[in-house]
Amino acid sequence: MRTGYRREISMNYDAYTTLRVSCENGTARVTLDNPPVNVLNVAMMADLRHLLTALQDDGSVRLIVFDSANPEFFIAHVDMSLVDTPDAFDKLAADLPDGVNVFQALGELLRHQPQVTIVKLAGMARGGGAEFVTAADMAFAAIGRAGIGQIEALMGIVPGGGGTQYLANRIGRNRALEAVLGADLYDAETAERYGWVNRAVPADELDDIVDRLARNIAALPEGVIAAAKRAIAPEDLAEGLLREHDAWAGQIVGPAAERLIRGGLAHGAQTRNGERDLEDLLRGLAG
């Protein structure tokens, strides 16, 4: 599987509309900033792909740390309004790696990034947001604030951005089925116990814990990070991603998915209030 996008892209940290990017001492810090709830829409996906591609060949950057400008939401989920604009991702789909859809391509780009990738999860990440967290090398979750879940089943679909494969690979098939079909929001402690995140940490210590780890990794001797990532390589999930895409594509065109996604938007999905308890909002539409 071709996992990289080898285009000549100049590094301009001010070029992004949904990200705030800075780089210092070998660490790129990426703050997701797409109000009101950090929906993974076309603009954010394009920005993330552009940034990750640009960083692939930047030897001065040894790791990438992701956080959110929104204390409640890391990435809410993929933009549900795409139900009305199904061709919105056509431009991004034009140069996809072989064997993946546009959503899976982002996860695979992140999963195969040469830098170490770390998520500071201090808010909620559902659907495509949870897939992004799971694709990163490491994630640390704030106790009492973080939440993570694959909510797609409540929209009449299954995860289609790598979530089924990343979860089964990380937490086992039985717990992956629980997360996908139960469609609940998991707190930081449960996510840690399942192996979904590295650690659940007190919210007021999250920055210090991740920053210390980042400094230590950035200070390693030349070649150590690359050697470790070669030795602890991401598993080849090509066949599973094809199965996942077929399962997702078969559901997204169905009447249940359209009714639930449109109903969710009509009842407050993608607003701050609606997103705070999105699971109950969508379950209320299922009858």
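Contacts of N273 classified as side-chain hydrogen bond (donor to acceptor under 3.5 Å, both in side chains), with partners at least two apart in sequence or in another chain: R276. For D79, the side-chain contact (heavy atoms from CB on, under 4.5 Å) criterion is met by V39, N41, S81, L82, Q270, not counting sequence neighbours. Remark: R262 engages D84, E258 in a salt bridge (charged side-chain N to carboxylate O under 4.0 Å, His left out) (not counting sequence neighbours). Contacts of K91 classified as side-chain hydrogen bond (donor to acceptor under 3.5 Å, both in side chains), with partners at least two apart in sequence or in another chain: none. Listed by chain and number, the residues in a salt bridge (charged side-chain N to carboxylate O under 4.0 Å, His left out) with D277 amount to none (sequence neighbours excluded). For A183, the side-chain contact (heavy atoms from CB on, under 4.5 Å) partners at least two apart in sequence or on another chain are A153, L154, R283.
Between R175 and E178, none of the side-chain N atoms (NZ, or NE/NH1/NH2) sits under 4.0 Å from a carboxylate O, so this pair counts as no salt bridge. Taking a cutoff of 4.0 Å between a charged side-chain nitrogen and a carboxylate oxygen, D95 and R49 qualify as a salt bridge.
Pairs engaging residues 197-231 under the ring pair (Phe, Tyr, Trp, His ring centres under 6.0 Å) rule: none recorded [sequence neighbours left out]. Residues in residues 149-162 take part in these side chain to side chain donor-acceptor pair (under 3.5 Å) pairs, two or more places apart or across chains: Q150-E152. Judged as a ring pair (Phe, Tyr, Trp, His ring centres under 6.0 Å), the pairs with a partner in residues 120-169 (not counting sequence neighbours) are, in order, F66-F132. Sorted by first and then second residue, the pairs that involve residues 26-44 and meet salt bridge (Lys or Arg N to Asp or Glu O under 4.0 Å), not counting sequence neighbours, are R20-D33, R29-D211. Judged as a ring pair (Phe, Tyr, Trp, His ring centres under 6.0 Å), the pairs with a partner in residues 208-260 (not counting sequence neighbours) are, in order, F103-W248, H245-W248. Under the ring pair (Phe, Tyr, Trp, His ring centres under 6.0 Å) criterion, no residue pair touches residues 18-46, with sequence neighbours excluded.
Between H77 and E275, the side chains place a donor N or O and an acceptor N or O closer than 3.5 Å (distance only, hydrogens not considered).
When all heavy atoms of V119 and A136 are compared, the closest pair comes out as CG2-CB, 3.8 Å.
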